[in-house]
Protein chains: 2
Amino acid sequence: MQHTELKVGELARRTGLSIRALHHYDEIGLLKPSAHTASGHRLYTAADIARLHHILSLKQLGFSLEEIAGTLGRADFSALRVVELRLQRAREQLAEQRQLCERLDAIARQLRAAEPVSADDFLQTIEAMTMFEKYYTPEQLKELEARRQAMGEDAIKEVEAEWPRLIARMREEMEKGTDPATEPVRALATRWRELIRAFTGGNPGIQKSLQTMSQQEPQMAQRQGRDPQLMEYVGRAMACLDAPK
Amino acid sequence: MQHTELKVGELARRTGLSIRALHHYDEIGLLKPSAHTASGHRLYTAADIARLHHILSLKQLGFSLEEIAGTLGRADFSALRVVELRLQRAREQLAEQRQLCERLDAIARQLRAAEPVSADDFLQTIEAMTMFEKYYTPEQLKELEARRQAMGEDAIKEVEAEWPRLIARMREEMEKGTDPATEPVRALATRWRELIRAFTGGNPGIQKSLQTMSQQEPQMAQRQGRDPQLMEYVGRAMACLDAPK
DNA sequence: CTTGCACCTCACGCGACGTGAGGTTGTACC
DNA sequence: GGTACAACCTCACGTCGCGTGAGGTGCAAG
């Protein structure tokens, strides 16, 4: 009955751990075999094996080896408190994972809906989504998504195609030096305002977030051809709309 | 207009990254600033900053720096495929996280329901749950949980308290050498069978899993005083019940 | 005596940086 | 010119839980 002591290989086979892992536990003092052969081979006693089972249980709960060592070290710990702390951590990580999945899923859907996109479009899409998540609250994002749903795929694509054209025409007028209060510009400015309103839906929170984003991330606007100079021109045109000549 | 180049500190402040992280990206060749001052200070151009934004976007999606480097390296990758692979990984991790949360939550509930438990009880509870998860299918676990609910806390505690008593009395008879076919043992064996039936609910799958677990994990039984010798005695007593003298 | 297996002890590697140590550069003020 | 002080630089080790060799020893069988 004294042959109950196991060597590493045997223990590894029985627990499914690697030999290296057991060596590691020995190294860091988490599980030191109580006996050794004369030649230095590790001999794990029944008590060692019981301890290992405890270790594996706690490991399955996501505790670090250090935490396990601490927990097994002193027997006076409050089990409930320890588990609840760990549960809290796990819940936070779960929420993060969920968010990540949602992000990826949203992007995948975008990609599936669109034509085969170029790498550049792809990166821009992601960047845009990241920005949106940064500047809009979750509720606002929901509302935006709802409005997109309501508009339908085609309408969205139309608007997305119209923006660059509108920007280009506005730039033309600016470069020609057209007075922003006069006609071709008034029409363009009106359309500009309409498109923005179609996006915000008149929601003041979303309007505010959009404004914040535009101010904080001028590079994004730049990439779409909306440089500060143009924006200032548009601003003047808008002002003229409100104050009719 | 040529003052657009940023030094590390500035870029770090704007992106929320640490200076060390930017150094790291430089080290591994993920983002090498296109310019340096004469004295060796890093200067990030607008193009560098754009690349960094791409990097951060992909990082937010959980890609490793190596994957990001690969993705940004060649422009011919299939965006959808990349994202879908990543999504799959994320979903798997999400499932694991969820399982972990459930495990922790179950243990926390157990701990809250019970009296303040000793560290030893705690570890034993966890170990038991781990074993259960190993040998019973999710559906079986659900059924067991349902039966526990139906029994009520007090009844469960009663049964849990009865087991050690029953085991002790059985051992007594065995050590006295009582014939397992004769009376005090017949009654004990009957009760033994009843308790097991209360646990399995007569479900053959659960009966089988229980048997498998008992065979594969003799140490667990041992700790409850059910050594092989005793089990063999119980087995004989059971057989005598079925074949009435 | 050799073969072969299980065991031993170093010791580096991963991934994405954190955290110093110890030195240089740039800028502002005296 | 000197002297702070912040911002930059380059090593280089630490993290966590082992994987993965390299190079050597112990022990039983042919």
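Lettering follows sequence order; numbering is per chain, from 1.
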Problem set entry | Heavy-atom donor-acceptor pair, Gln140(A) side chain to Thr137(A) backbone, under 3.5 Å | yes
Exercise. Counting N and O atoms only, with roles assigned by atom type, does the side chain of Asp48(B) sit under 3.5 Å from a partner on the main chain of Ser34(B), one being a donor and the other an acceptor?
Worked result: yes
For this session: For side chain to side chain contact (heavy atoms under 4.5 Å, CB included), just list the numbers for His54(B) and Thr71(B), CA-CA rounded to whole Å, side-chain angles, deciding distance to a tenth of an Å, and then say yes or no.
Result: CA-CA 10 Å; His54(B) 289 162; Thr71(B) 309; over 6 Å; no
Problem set entry | Distance-minimising heavy-atom pair for Leu61(A) and Ile107(B) | CD1-CD1, 3.8 Å
For this session: Please report the closest heavy-atom contact between Pro33(B) and Asp26(B), naming both atoms and the distance.
Result: CD-OD2, 3.7 Å
Exercise. With a 3.5 Å cut-off and no angle check, do the side chains of Glu143(A) and Asn203(A) form a donor-acceptor pair?
Worked result: yes
Quick one: list whatever passes salt bridge (charged side-chain N to carboxylate O under 4.0 Å, His left out) with [X], sequence neighbours left out.
X         : answer
Lys59(B)  : none
Glu232(B) : Arg236(B)
Arg51(B)  : none
Glu67(A)  : Arg89(A)

Do any side-chain atoms of residues 17-25 of chain A form donor-acceptor pairs under 3.5 angstrom with protein atoms, and if so which ones, sequence neighbours left out?
from     : atom 1 : to       : atom 2 : distance (Å)
Ser18(A) : OG     : Ala21(A) : N      : 2.9
Arg20(A) : NH1    : Glu27(A) : OE2    : 3.1
His23(A) : NE2    : Arg42(A) : NH1    : 3.2

Exercise. 5'-most contact on DNA chain C: Ser39(B) or Glu66(B), nearest heavy atom basis?
Worked result: Glu66(B)
For this session: Could you tell me from which nucleotide to which nucleotide of DNA chain D, 5' to 3', there is an atom under 4.0 Å from chain B heavy atoms?
Result: dC8(D) to dA12(D)
For this session: Check each residue of residues 88-103 of chain A for a non-hydrogen atom within less than 4.0 Å of any atom in DNA chain D, then write out the ones that pass by number, or none.
Result: none
For this session: Using the salt bridge (charged side-chain N to carboxylate O under 4.0 Å, His left out) rule, collect all pairs that involve residues 128-139 of chain A, keeping only residues at least two apart or in two chains.
Result: Arg103(A)-Glu133(A), Lys134(A)-Glu217(A)
For this session: Please list residues of residues 40-64 of chain A whose heavy atoms come under 4.0 Å from any atom in DNA chain C, ordered by number; otherwise none.
Result: Gly40(A), His41(A), Arg42(A)
Problem set entry | DNA chain C contacts made by residues 7-31 of chain B, counting heavy atoms under 4.0 Å | Ser18(B), Arg20(B), Ala21(B), His24(B), Tyr25(B)
Exercise. Partners of Phe132(B) by ring-ring contact (aromatic ring centres under 6.0 Å, His included), sequence neighbours excluded?
Worked result: Tyr136(B)
Exercise. Would Gln97(A) and Gln97(B) count as a side-chain hydrogen bond (donor to acceptor under 3.5 Å, both in side chains) if you check the C-alpha gap in whole Å, the side-chain angles of each, and the deciding distance to 0.1 Å?
Worked result: CA-CA 8 Å; Gln97(A) 270 291 325; Gln97(B) 271 290 326; over 6 Å; no
For this session: May I ask you to say whether Glu10(A) pairs ionically with Lys7(A), meaning some side-chain N is under 4.0 Å from a carboxylate O?
Result: no
Seminar exercise, completed: With five pairs defining each end axis, the helix from dC1(C)-dG30(D) to dC30(C)-dG1(D) comes out bent, to 10°, by 40°
